[in-house]
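What you see below is based on every heavy atom in this structure, not just the backbone, and it leaves out hydrogens, waters and symmetry mates. Predicted model only: the values in this text are computed from it and were never measured.
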Amino acid sequence: MGMATTSSLPAISNIFTPFSPPQTHRTLTTRSSLTSQSLTSAKSHLLHLISDQNRGIATQSDPQKLAQITDAIDSIALINPDQITTNNSLSGTWRLLWTTEKEQLFIIKNAGFFGTKAGDVLQVIDVEKRKLNNVITFPPDGVFFVRSDMEIASSQRVNFRFTSAVLRGNEWEFPLPPFGQGWFDSVYLDDDIRVAKDIRGDYLVVDRAPYHWKE
C-alpha cells in the first residue's frame with residue numbers, strides 16, 4: 001500500500017482533481033475473499049489426499065503420499081497464520097481422520113489381535129474446564145482413554161499433561177499409570193475440521209464428531 005502525500009495547495013488541487021478516497025475497504029474485502037477461496041481449495045485438497053489412507057495406516061508405507069499430505073497441511077497453516085484456534089471453538093468431540101502418530105496407528109492396526117476392532121479415535125476438549133481426553137473406542141463396549149489437564153499457551157498452542165489412563169470394558173475397568181506431557185498447535189480450525197502439529201512433529205487431522213463423547 002503506497003503512502004499518502006500531502007499537497008501544499010489542497011484546495012486548488014481538489015478543484016482540478018476530484019478527491020478520491022483510498023479504496024481500503026475494497027482492498028481488504030478482496031484480500032479476505034482470496035484468502036477464503038485459498039483456504040477452501042487447500043482444505044478440499046487435503047481431505048482428498050487423506051480420504052483413502054485408512055486414518056494414516058496406508059501412509060506409513062508411502063513416503064510420497066506422506067510428503068504430499070504434510071505439504072498440504074503446511075500450505076493451510078501459511079494461508080492464515082494468525083488464526084486464533086485456542087478459544088471456545090476448540091471445545092468439542094474431535095474424531096480422527098488422519099495422523100502420523102505411531103502409537104495410535106499401532107493400536108488401530110493391531111486391535112484384531114485382542115479379538116476386537118478399533119472404532120472412533122477421539123480427542124475430547126473442554127477449553128473452559130481445561131480438560132482433554134484422548135480416546136480410542138472398541139465397539140461395542142470397550143474404550144481406552146487418557147485424561148489430561150491442559151492450558152492455553154498462545155493463540156494456537158495448547159500445553160497438556162496426562163493425569164490418568166483407563167482401559168474399560170462392559171463390566172470392568174483397569175486403571176493405568178499416566179505418563180507424559182507436551183503441546184500441540186492447531187494450525188487450522190473451522191466448523192468442520194481441525195489440523196494440528198505436536199511437540200514430536202506428528203500431524204493430526206480431525207473432524208467434529210456427530211456426537212459428544214462422555215466418560
Side-chain angles (χ1 to χ4, degrees), residues 28-60 62-105 108 120-136 148 150-160 181-213:
L28 291 177
T29 301
T30 303
R31 189 174 301 163
S32 175
S33 177
L34 289 173
T35 298
S36 178
Q37 291 175 13
S38 298
L39 281 171
T40 299
S41 176
K43 174 184 170 182
S44 297
H45 179 57
L46 173 61
L47 292 177
H48 173 72
L49 286 173
I50 67 175
S51 62
D52 61 352
Q53 294 301 294
N54 193 14
R55 294 191 278 195
I57 292 174
T59 319
Q60 290 182 308
D62 191 341
Q64 183 177 2
K65 177 67 77 171
L66 174 62
Q68 291 175 339
I69 295 172
T70 55
D71 284 350
I73 290 174
D74 291 340
S75 295
I76 288 177
L78 287 172
I79 292 172
N80 195 15
D82 300 322
Q83 182 184 19
I84 297 173
T85 60
T86 50
N87 52 22
N88 285 333
S89 61
L90 180 61
S91 294
T93 298
W94 297 96
R95 180 175 53 184
L96 177 66
L97 297 179
W98 181 87
T99 189
T100 59
E101 189 174 301
K102 294 180 177 63
E103 290 84 358
Q104 286 194 29
L105 293 175
I108 295 169
D120 286 347
V121 179
L122 308 169
Q123 222 179 38
V124 185
I125 299 175
D126 190 322
V127 171
E128 184 176 343
K129 294 181 179 179
R130 299 293 191 261
K131 297 294 182 183
L132 181 154
N133 281 335
N134 288 302
V135 182
I136 301 179
S148 303
M150 55 173 270
E151 64 177 5
I152 306 303
S154 70
S155 61
Q156 294 192 341
R157 178 161 297 182
V158 168
N159 296 329
F160 62 87
Q181 59 185 0
W183 55 258
F184 63 84
D185 292 336
S186 293
V187 298
Y188 177 74
L189 183 154
D190 63 18
D191 292 338
D192 303 313
I193 71 167
R194 179 168 59 89
V195 181
K197 301 178 183 180
D198 70 18
I199 187 173
R200 300 190 303 179
D202 281 318
Y203 292 82
L204 179 78
V205 182
V206 291
D207 70 354
R208 290 188 187 272
Y211 59 87
H212 180 65
W213 185 87

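Between Met150 and the choices Thr86, Ile125, Asn159, the side-chain contact (heavy atoms from CB on, under 4.5 Å) rule is met once, by Ile125.
One distance of note links CZ of Phe160 with CD1 of Ile199; it measures 7.5 Å at 0.5 Å rounding. To the nearest 0.5 Å, atoms CG (Asp62) and CD1 (Ile57) are separated by 14.0 Å. Distance NZ/Lys43 to CG/Asp192: 4.0 Å, rounded to 0.5 Å. To the nearest 0.5 Å, the span separating NE2 on His45 from CD1 on Ile73 amounts to 10.5 Å. Between the OH atom in Tyr203 and the CG atom in Asp198 there is a gap of 10.0 Å [rounded to 0.5 Å]. Atom CD1 of residue Ile76 and atom CG of residue Leu46 lie 4.5 Å apart, to the nearest 0.5 angstrom.
Contact of the Gln181 side chain with the Ser148 side chain is not registered, since no non-hydrogen atoms from C-beta on lie closer than 4.5 Å. Lys65 has its side chain within reach of Leu49: a pair of non-hydrogen atoms, C-beta onward, lies under 4.5 Å apart. With a 4.5 Å cut-off on side-chain heavy atoms, Arg200 and Glu101 count as touching. The shortest distance between side-chain heavy atoms of Thr85 and Val187 does not fall below 4.5 Å. Residues Asp74 and Lys197 have side chains in contact (heavy-atom distance under 4.5 Å, counting atoms from C-beta outward). Residues Leu96 and Leu204 meet the side-chain proximity criterion, which asks for heavy atoms closer than 4.5 Å. Ile193 places a side-chain heavy atom less than 4.5 Å from the side chain of Tyr188. Residues Val135 and Thr93 are not in side-chain contact: their nearest non-hydrogen atoms beyond the backbone lie 4.5 Å or more apart.
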Might you work through the side-chain contact (heavy atoms from CB on, under 4.5 Å) test for Arg208 and Asp190, ending with a clear yes or no?
-> CA-CA 9 Å; Arg208 290 188 187 272; Asp190 63 18; over 6 Å; no
Go through the steps for Thr100 and Asp202 under the test side-chain hydrogen bond (donor to acceptor under 3.5 Å, both in side chains), then give the verdict.
-> CA-CA 5 Å; Thr100 59; Asp202 281 318; 2.9 Å; yes
